[in-house]
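First up is the structure itself, then whatever we jot down about it.
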Amino acid sequence: MLQKIFLWMQAHERHLSALAMVAGFVADTFFFGRVDLLQTHLVFAIYTAICFIAIPLLHWFEMRAAQGHLFLRSRLILPFAIQFALGGFWSGFVIFYGRSANLGASWPFLLFLLFVFLGSEYFHRYHSRLVFTSVLFFFALYSYAIFALPIYTGTIGTQTFLESGVLAIAAFAFFTILLRILARERFLASVWNIRIGALTVLILMNVFYFTNILPPLPLSAGAVGIYHEIIRVPGAYLARTEAQPWQVRYLGFSPTLHIVLGESLSAYSSIFAPTTLATTIVHRWQWYDPVQKTWITKAIIAYPIVGGRDGGYRGYSTALMNDMGEWRVNIETLDGRRIARIPFAVERVTSPAPEETITLQ
């Protein structure tokens with residue numbers, strides 16, 4: 001009976017492989033809430049353990065099979081386990097990096113992440129090949145370390161990012177030692193390809209970071225907006241705002257605010273950070289100069305935030321509107337990585353526009 005089951009699995013390997021990836025995505029959707037929850041990191045630890053064990057074992061079994069030993073069950077089950085773990089990694093990264101990303105700045109990385117996610121299924125037949133699977137695993141280790149290390153250290157910035165790279169390299173080095181022990185011949189035949197692939201991933205991730213393409217995990221934007229005035233009251237933030245057309249309310253188009261001479265506007269942001277993290281957020285106010293055709297920074301306002309609140313740490317900045325036309329407020333980390341952007345336009349009127357007071361999230 002069991003022999004028939006394994007033969008059936010072998011005949012339907014492609015469909016079962018896709019199902020394993022879907023199972024990884026479903027598991028992530030169920031378990032992943034906040035990036036700093038213990039259960040989130042337990043799930044990633046399970047994925048890491050599966051890859052650490054299953055990849056070397058699979059190649060050990062295949063080397064033994066080449067010598068005439070039969071390990072049909074293990075050779076069928078292990079690729080599905082690897083697919084499940086890698087699929088779980090990718091879907092988890094899509095969830096968390098997607099939450100943190102600002103599409104205008106981070107779309108190259110998100111596109112690359114989506115390509116890896118889809119490609120790991122399309123090229124599932126290569127999962128038995130050592131180089132392909134090992135390089136994918138290094139990418140998973142590095143992507144996880146980038147947002148896990150700040151949670152444990154309570155710091156964020158260039159030094160922490162570089163330390164996450166060192167951590168990923170150390171973990172991958174331990175993995176290659178295990179590969180060398182269990183699948184020595186295959187590892188030595190592929191070692192330079194593995195090193196070149198891992199080095200390519202390392203360089204690419206650093207390019208993404210230092211060009212501000214990499215999303216600023218573990219930070220992510222919640223509610224953001226531009227208002228005539230923001231008032232902090234005990235336990236809440238209130239804002240005075242004017243009515244906007246349906247394109248702004250429902251489709252996310254940039255709003256236009258009407259101001260009188262000498263009026264200021266306020267930018268609001270709610271930024272989620274892990275409980276252990278304390279950092280500084282920057283509101284960079286920029287006006288588009290139609291003559292020079294460039295964005296000119298008019299104000300830079302920074303304030304500290306602390307993590308832990310589900311809805312994010314709330315804060316705002318205020319700037320005087322001396323220039324009419326297109327404006328934007330970039331919400332950034334202290335090292336210039338964009339968390340969110342608030343685009344809007346300003347028009348001058350002789351009398352104030354009708355306003356209403358709302359409670360901000």
Contacts under 3.5 angstrom, residues 165-182 side chains, donor-acceptor by atom type, not counting sequence neighbours:
from   : atom 1 : to     : atom 2 : distance (Å)
Thr176 : OG1    : Phe172 : O      : 3.4
Thr176 : OG1    : Ala173 : O      : 2.6

Could you measure the distance from the [atom1] atom of [X] to the [atom2] atom of [Y]? Nearest 0.5 Å is fine.
X: Trp287; Y: Trp295; atom1: CH2; atom2: CH2; result: 10.0 Å
X: Asp289; Y: Asp323; atom1: CG; atom2: CG; result: 8.5 Å
X: Glu163; Y: Thr158; atom1: CD; atom2: OG1; result: 11.0 Å
X: Leu149; Y: Tyr144; atom1: CG; atom2: OH; result: 10.0 Å
X: Phe147; Y: His41; atom1: CZ; atom2: NE2; result: 6.5 Å

If you compare all heavy atoms of Ile339 against all heavy atoms of Ile281, which two are closest, and at what distance to 0.1 Å?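 Between these two residues, the closest heavy atoms are CD1-CD1, 3.6 Å.
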For a quick test of reading the model, state the closest non-hydrogen atom pair linking Phe161 to Met205 and the distance between them.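 Heavy-atom minimum between the residues: CZ-O, 3.8 Å.
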Can you check side chain to side chain donor-acceptor pair (under 3.5 Å) on Asn330 and Arg341, steps first, answer last? CA-CA 5 Å; Asn330 289 334; Arg341 171 176 285 171; 2.6 Å; yes
We want to know whether Tyr303 and Ser269 form a side-chain donor-acceptor pair, criterion being a heavy-atom distance below 3.5 angstrom.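 Note: Tyr303 and Ser269 side chains meet the donor-acceptor criterion.
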Hydrogens and angles aside, do Tyr316 and His283 bring a side-chain donor and acceptor to less than 3.5 Å of each other?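 Looking only at side-chain atoms, His283 and Tyr316 do not form any donor-acceptor pair under 3.5 Å.
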Would a line drawn from the ring center of Tyr227 to the ring center of Tyr237 be shorter than 6.0 Å?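 Not under 6.0 Å, so no.
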What orientation do Trp285 and Phe344 show, parallel under 30°, tilted 30 to 60°, or perpendicular over 60°?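 Because their plane-to-plane angle is over 60°, the rings of Trp285 and Phe344 count as perpendicular.
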Does the plane of the ring in Phe138 sit parallel, tilted or perpendicular to the ring in Tyr142? Use 30° and 60° as the thresholds.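 Plane angle between 30° and 60°, so tilted.
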